[in-house]
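Note that this is a predicted model, so its numbers are computed, not measured.
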Amino acid sequence: MTINALRGTYDICPPASYIWEYVEQEARRLFGQFGYGEIRTPIFEETRLFTRSIGENTDIVSKEMYTFADRKGRSITLRPEATAPVVRAFLQHKLYSVSPLNKFFYIGPMFRYERPQAGRNRQFYQLGTEILGSNHPYYDAESIALAHQFLCVIGINNPTVKINSVGDLESKKLFGKMIQTKLMPQQSLLCADCQTRLEKNPLRVLDCKNPSCKEYIKDLPRLTDNLSPASKEHFAQVLRFLDSMNIPYVIDNCLVRGLDYYTETIFEIVHSNLGSQDALGGGGRYNNLVEEMEGPSTGAVGFAFGIDRLVMVLEQLRPELATDRQQLDCYILNLEPSVFTEHVALVHKLRKTGIRADICTEEKSMKAQFRAANKLNARFVVIRGKEEIEKNIFSIKNMNEANEEKISYTDENTLFEILRERIIKL
Ligand code: AMP
């Protein structure tokens, strides 16, 4: 019986993994440049961390969490997102007392029991940032600017940044009530999901993709027209800062995000190279979450990209990233068993000096061994067969040129020194 990876999960093998490495490496570099420090939290947490922060009536908590009882009967959940764990860590370690402003980034797997399709997995990966400690609209704009710049750096050009504001908690609640009042008379005409949303999470009705629901949504008042004066000003400032940095965006009045903790600015970044699951990432402000989790009043904002989806777009736009980019400096053929052990020592010594060396372990024909060297993209090949040993020589073939250099062999060190010299000279 063969055992395969579970539905909605998958392996990331070379050379596809080179794209993942590239994305993660560029994220670390750019986020570091913007002053963010990496935070790593556990993959599982107490279930109530997520139910309290994300919200009981959200899709994630009501139907997508991987929740189980551990051996002592405690309810544990595989993290479906990272904001709540970061806030937990922030409070647990009282990081607010170390510095008034904390900027974190994270990279890692998340888990949601969703119906798998292209761009939607049950174990997926996110990279994201969180800024804790300020309500300044500059940080909303910085988060968006960083997300936008990151995409440009990795070569995903022309993303669309959609932005909206849900206002403070009070505005959010009032707007939810307004939607309920307006749509309740037509409740039975909405899709099944929206009928439930209207009762439990009315704002979510706004981003329903169902064409018949859209008919009713388009006549609803706009979120941004119903904000408190302070929220209106906050949003206006975010847009001003984005304009000053030349970050393109579109205001999307129907944008609401699936998690309860968002307040004020919310945003999503989509890309036309993705299909129906077109969101590369999203985020927003969450000014009440820290306090709701019994911490001090703390303004906060963050975003997350789905790495799976970034990679899907890069596979189309930059397929060269998934080629074997690693060139081998030298490949030592295995033509004469009596010198194999000496070559084992040689390859180890070369590697210790930072040279990318490898050795053929199979006793195949010279032609087959050269084929292997070509496949590994070797720059030099070391040839030491019966004939060379009898003549007390060895050959180094430069694979980029036709020539083969014959060098006399005095002791084990000659081979190492000469090879090193040739490799470094190139
Ligand atoms: P969210 O945490 O729901 O705001 O999602 C942020 C980003 O994570 C989305 O824009 C997607 O790129 C990615 N994402 C969310 N859920 C999944 C999933 N099930 N599979 C793959 N990527 C996902």
Under 3.5 Å, is there a donor on one side chain and an acceptor on the other for Gln117 and Ser276? yes
Between Asn334 and Glu363, a side-chain donor and acceptor under 3.5 Å: no
CG on Leu328 to CD1 on Ile423, rounded to 0.5 Å: 9.0 Å
State the CD-CG distance between Glu291 and Leu91, to the nearest 0.5 angstrom. 11.0 Å
Keeping the roles fixed (side chain from Ser365, backbone from Ala368), state whether a donor-acceptor pair exists under 3.5 Å. yes
Got a second to check how far Leu203's CG is from Met178's CE, nearest 0.5 Å? 11.0 Å
I need the Leu30 CG to Phe105 CZ distance, nearest 0.5 Å. 10.0 Å
Under the 3.5 angstrom rule, does the side chain of Arg379 hit a backbone N or O of Asp329 as a donor-acceptor pair? no
Sub-6.0 Å ring centroid separation between Tyr331 and Phe380: no
Asp11 to Ala5 - nearest heavy-atom pair and separation: OD2-CB, 4.4 Å
For the pair Phe267 and Phe303, name the ring-plane relationship: parallel under 30°, tilted 30 to 60°, perpendicular over 60°. tilted
Classify the side-chain pair Glu199/Gln187 by whether it contains a donor and acceptor separated by less than 3.5 Å. yes
Say whether Arg28 and Gln25, considering side chains only, have a donor N or O and an acceptor N or O under 3.5 Å apart. no
Please evaluate residues Thr83 and Glu130 with respect to the criterion side chain to side chain donor-acceptor pair (under 3.5 Å), reporting the C-alpha separation (whole Å), side-chain torsions for both, the decisive distance (0.1 Å), and the verdict. CA-CA 7 Å; Thr83 302; Glu130 311 292 351; 2.8 Å; yes
Modelled atom types, side-chain donor and acceptor of Glu45 and Thr77, under 3.5 Å: no
Where is the tightest heavy-atom contact between Gln369 and Lys364, given as atom of each residue plus distance? NE2-O, 2.9 Å
Flag this pair as yes if the NZ/CZ of Arg122 is under 6.0 angstrom from the six-membered ring centre of Tyr113 and inside a 45 degree cone about the axis; otherwise no. yes
Side chains of Arg285 and Tyr139, donor plus acceptor under 3.5 Å: no
Donor-acceptor pair, distance only, cut-off 3.5 Å: does the side chain of Arg112 make one with the backbone of Pro80? yes
What distance separates Gln195 CD from Leu189 CG, expressed to the nearest 0.5 Å? 8.5 Å
Main-chain N/O of Phe111 paired to Gln123 side chain as donor or acceptor, under 3.5 Å: no
Under 3.5 Å, is there a donor-acceptor pair between the side chain of Arg309 and the main chain of Ala279? yes
Please step through side chain to side chain contact (heavy atoms under 4.5 Å, CB included) for the pair Asn226 and Ser171, ending with a clear verdict. CA-CA 7 Å; Asn226 287 278; Ser171 315; over 6 Å; no
Glu46 and Arg52: CA distance, side-chain angles, deciding distance, salt bridge (Lys or Arg N to Asp or Glu O under 4.0 Å) verdict: CA-CA 11 Å; Glu46 272 190 60; Arg52 270 177 54 185; over 6 Å; no
How many angstroms lie between atom CG of Asp219 and atom CD of Glu215, to the nearest 0.5 angstrom? 7.5 Å
Between Glu38 and Arg40, does any NZ, NE, NH1 or NH2 come within less than 4.0 Å of an OD or OE carboxylate oxygen? yes
Would you say Asn398 and Asn403 are linked by a side-chain donor-acceptor pair, where the criterion is simply a distance under 3.5 Å? no
Sidechain-backbone polar pair: Ser231 side chain, Asp168 backbone, donor-acceptor under 3.5 Å: yes
For Arg356 and Gln327, indicate whether the former's side chain and the latter's backbone hold a donor-acceptor pair under 3.5 Å. yes
Of all heavy-atom pairs linking Pro109 and Arg79, the shortest is O-NE, 2.8 Å
Heavy-atom closest pair, residues Ile307 and Val23: CG2-CG1, 4.1 Å
Minimal non-hydrogen separation, Ser53 against Asp260, with atom names: O-CB, 4.4 Å
Does a side chain donor of either Thr224 or Asn253 reach within less than 3.5 Å of an acceptor in the other side chain? yes
Apply salt bridge (Lys or Arg N to Asp or Glu O under 4.0 Å) to the pair Arg422 and Glu417, showing each step before the final yes or no. CA-CA 9 Å; Arg422 297 291 181 280; Glu417 290 299 345; over 6 Å; no
Donor-acceptor contact below 3.5 Å, side chain Asn164 vs main chain Asp252: yes
For Gln237 and Tyr138, which I'm curious about, is there any donor-acceptor pair between the side chains at under 3.5 Å? no
Should Tyr286 and Leu132 be marked as a side chain to side chain contact (heavy atoms under 4.5 Å, CB included) after you check the CA-CA gap, both sets of side-chain angles, and the distance that decides it? CA-CA 9 Å; Tyr286 51 95; Leu132 291 130; 4.2 Å; yes
For the residue pair Ala82 and Met110, what are the closest heavy atoms and their distance? CB-CE, 3.7 Å
How about Phe104 and Tyr36: are their ring centres within less than 6.0 Å of each other? no
Less than 6.0 Å separating the ring centroids of Phe150 and Phe31? yes
List the steps, then state whether side chain to side chain contact (heavy atoms under 4.5 Å, CB included) holds for Val290 with Ser297. CA-CA 7 Å; Val290 180; Ser297 168; over 6 Å; no
Step by step, work out the side chain to side chain contact (heavy atoms under 4.5 Å, CB included) result for Glu292 and Leu169. CA-CA 12 Å; Glu292 275 165 22; Leu169 272 193; 4.1 Å; yes
Does Lys162 reach the main-chain N or O of Ile266 with its side chain, forming a donor-acceptor pair under 3.5 Å? no
Please check if atom CZ in Phe340 has more than 12 non-hydrogen atoms from other residues, nucleotides or ligands closer than 6.0 Å. yes
Answer yes or no: is there a donor N or O on one side and an acceptor on the other, between the side chain of Arg351 and the main chain of Ala357, under 3.5 Å? yes
Distance only, no hydrogens: is a donor on one side chain within 3.5 Å (strictly under) of an acceptor on the other, for Asp308 and Asn121? yes
